[in-house]
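The basis for the numbers below is simple: all heavy atoms, side chains too, and nothing from hydrogens, waters or symmetry mates. Every chain is numbered from 1 and lettered A, B, ... according to where its sequence line falls, protein lines coming before strand lines.
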Protein chains: 2
Amino acid sequence: MVTLKQLAEQLNVSVSTVSKALNNSEEISKDTIERVKELAKHLNYQPNKMALSLKSNKTKTLGVIIPNILNHFFAKALYAIEMEASKQGYNIITCVSNEMLSKEENSLQLLSNGSVDGFIMSIAEETQVKNKTDHIAVILNQGIPMVLFDRVVDLDCDKVIIDDFGASYEATKHLLSEGRKHIVLISEIEELSVGKLRTNGYLKALEEDTTSQQEPIVIHVGKDDDLEETIDNLFISNSKVDGILSIDNTSGVVALHKALRRGYKVPENLSIIGFSDDNVLAYTDPKLSTISQHTFDIGKSSVKLMIDRLQKKSTTTHVTKTIKTNLILRGTTK
Amino acid sequence: MVTLKQLAEQLNVSVSTVSKALNNSEEISKDTIERVKELAKHLNYQPNKMALSLKSNKTKTLGVIIPNILNHFFAKALYAIEMEASKQGYNIITCVSNEMLSKEENSLQLLSNGSVDGFIMSIAEETQVKNKTDHIAVILNQGIPMVLFDRVVDLDCDKVIIDDFGASYEATKHLLSEGRKHIVLISEIEELSVGKLRTNGYLKALEEDTTSQQEPIVIHVGKDDDLEETIDNLFISNSKVDGILSIDNTSGVVALHKALRRGYKVPENLSIIGFSDDNVLAYTDPKLSTISQHTFDIGKSSVKLMIDRLQKKSTTTHVTKTIKTNLILRGTTK
DNA sequence: CTGAAAGCGCTAACAG
DNA sequence: CTGTTAGCGCTTTCAG
């Protein structure tokens, strides 16, 4: 890398003159500015990032910590974050916690050494199950800003979430409006706060439904359970099921396949609604109806919140932004 | 952040003593080392990353540039890269080129200011179509190491690839061994070097097959084409098709759905082989047979190659590592 | 055993 | 208008 010093030597001026010239300082003569810039361009000079960061105490870099990059939701959120950050002149350092508290703690710890200006994070399942927040509080106490998205924690910081309760409440209402009498909820994420909220939305909708008077049926698929087997068992033990609300990313697809294989007519005799953004799930036939989370907006908003915070545009009080969801009716609902 | 200076002041010793103590220098007395370390731990001292980088001219950070993070292959590769890098004490800065040359140039340019020690990259489609390599050559000329994976370019640097030709050659051979007489190749990636190689493997296998004497049928799905429509048309215009080799990530799934919908018996009357790692495609029924790329190994090897290079373990000559592929027969082949 | 000083590349008072 | 100096946080000679 070519440095200011090298430019200065070649031009027979001082380093500070070169620096000022490149920054269009009023103090420097037009002529000198010209000469300096020309040589800088010619030698492809670029200010050393580390030196700038050390001096300014700003890295223009955000730390992003996500639980699982193979989950399409997080991949898309990461995509949105990268896009918006780069648009605003920020880089992102990505860490994957793999749903583990220890990795999350570690990443936070390692990046809080001046590597990043702030964190954008969605917390690991283990963290949520154990309800540990100390490692996050430590960061906050150091004055490093943090935006939590999707899976949040009860701490005072900026957050971006969706209305999980409302989303599945509405979806369940829709199934009820189709006249479904045996609506089952399938969840692989009952351990997560978002999972509980979504389940509650379903329960509430059924509870409020005075006409069908159906009992809620919640199928909770644990880490060690086989998803396909569990769903098969559902159809066996509960053949009258005529509505399925899947509140995670993937179980809706599996339920659809299993139902079709068992001869259910979808959506004539059975409606299925999945939860997630669309892409991956677009490859079913018929196309899965879903609750869209607008993942792209979630990521984008997280970055905006962070950068506002960094630029002190927003003042002291922390914000929780709720992104609207959408019930998208495609082929698996009437 | 707490600094060496602060520790030094509190302990009434010099900054250099503190620095040496923390680095277990022989020069410092056991006693002092003890005291220093204790306070350091107590105040949660962490060496400032930027200062270290500036001093050492090493960032312990890798720049990763991928074309599209929503493509499962790249998501998984990124996952593997992050995992291996973090294991080796490196962070990664991720940039998404979105298949655009300009974004790729930009990311390379921006990160080559001392932000990263090296690049791991898979080149954008546009870059490959236009066959532009100048921006990459510039980086290489600056002495910044680069590992290209999957989609590579004809430049002298380390590379990690798979045997694309061989993989689809073998897959086609398998279809032939099943006695398939009308094997079609579907490709969404004919613009890419890997796509061409895979197509050639298919062509070669058919050419060598003296018994069935079939004409190759290559369905090239372009950016503006509708995948589902194209596949539907295939079945209409070519109802005798009894074997499909999909050489991209997704078209195999769509082909399977469309075929089932049209009443083909899979795999009795029609075999389908997809290309990619498994995860996403596991959610079909029957399960799609695929050529597994061992994406995880690709990512991991890329990082290893990079770090070897950075640590000068490997000497001057550049390496091309080829990761083995695997034909995984599941439900869509006999 | 400890400290002073220099320097990584840069910016910004302050002097001239 | 240009240069000198100091300092961001750290490591590393070199003196003491």
When you measure only distances, ignoring hydrogens and angles, does the side chain of B:Ser19 come within 3.5 Å of the base of D:dT12 through a donor and an acceptor?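 Side chain to base: no pair below 3.5 Å.
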With a 4.0 Å cutoff (strictly under), does any side-chain N or O of [X] reach OP1 or OP2 of [N]?
{"X": "A:Thr32", "N": "D:dT2", "value": "yes"}
{"X": "A:Ser14", "N": "D:dG3", "value": "yes"}
{"X": "A:Ser29", "N": "D:dT2", "value": "yes"}
{"X": "A:Asn23", "N": "C:dT11", "value": "yes"}
{"X": "B:Lys5", "N": "D:dC8", "value": "yes"}

Go through [options] for me and flag the one nearest to the [X] side chain.
{"X": "A:Lys20", "options": "D:dC8, C:dG3, C:dC14", "result": "C:dC14"}
{"X": "A:Leu52", "options": "C:dT2, C:dC10, C:dA5", "result": "C:dC10"}
{"X": "B:Tyr45", "options": "D:dC8, C:dA13, D:dC10", "result": "D:dC10"}
{"X": "A:Leu54", "options": "D:dG9, C:dG3, C:dC14", "result": "D:dG9"}
{"X": "B:Leu4", "options": "C:dT2, D:dT11, D:dG9", "result": "D:dT11"}
{"X": "A:Thr17", "options": "D:dG3, D:dG9, C:dG9", "result": "D:dG3"}
{"X": "B:Pro47", "options": "D:dC1, D:dC10, C:dA5", "result": "D:dC10"}
{"X": "A:Ala51", "options": "D:dC10, C:dC10, C:dA12", "result": "C:dC10"}

Hey, is the main chain of A:Lys58 close enough, under 3.5 Å, to the side chain of A:Ser53 for a donor-acceptor pair?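 Here the side-chain-to-backbone pair exists.
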Between A:Ser112 and A:Leu110 (side chain of the first, backbone of the second, donor and acceptor by atom type, cut-off under 3.5 Å), is there such a pair?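 Side chain of A:Ser112 to backbone of A:Leu110: no pair is present.
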Check the side chains of A:Tyr79 and B:Asn98 for a donor-acceptor pair under 3.5 angstrom, ignoring hydrogens and angles.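 Yes, side-chain donor-acceptor contact under 3.5 Å.
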For A:Ser16, which contact category applies under a 4.0 Å heavy-atom criterion: base, sugar-phosphate, or nothing?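 Result for A:Ser16 = base.
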Contact class for A:Val13 vs. all strands (heavy atom < 4.0 Å): base, sugar-phosphate, or nothing?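 Sugar-phosphate, no base atom in range.
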Please give, in whole Å, the distance from [N] [atom2] to [X] [atom1]?
{"X": "A:Lys30", "N": "D:dC1", "atom1": "NZ", "atom2": "C1'", "value": "13 Å"}
{"X": "A:Lys55", "N": "C:dA13", "atom1": "NZ", "atom2": "P", "value": "9 Å"}
{"X": "A:Asn113", "N": "D:dC10", "atom1": "CG", "atom2": "P", "value": "10 Å"}
{"X": "B:Asn48", "N": "D:dG7", "atom1": "CG", "atom2": "C1'", "value": "14 Å"}
{"X": "A:Glu9", "N": "C:dC10", "atom1": "CD", "atom2": "P", "value": "12 Å"}
{"X": "B:Gln6", "N": "D:dC10", "atom1": "CD", "atom2": "C1'", "value": "14 Å"}
{"X": "B:Met1", "N": "D:dC8", "atom1": "CE", "atom2": "P", "value": "14 Å"}

Is the shortest side-chain heavy-atom distance between B:Ile66 and B:Asn71 below 4.5 Å?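 No - every pair of side-chain heavy atoms lies 4.5 Å or more apart.
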Is there a side-chain contact between A:Lys300 and A:Lys304 (heavy atoms, below 4.5 Å)?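 Of all side-chain heavy-atom pairs linking A:Lys304 with A:Lys300, at least one is under 4.5 Å.
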Can you tell me how far CZ of B:Arg35 sits from CG of B:Leu39, rounded to the nearest 0.5 angstrom?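 Result: 9.0 Å between the selected atoms.
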Between B:Gln46 and B:Glu27, who's closer to the 5' end of DNA chain D by nearest nucleotide?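 The residue mapped nearer the 5' terminus is B:Gln46.
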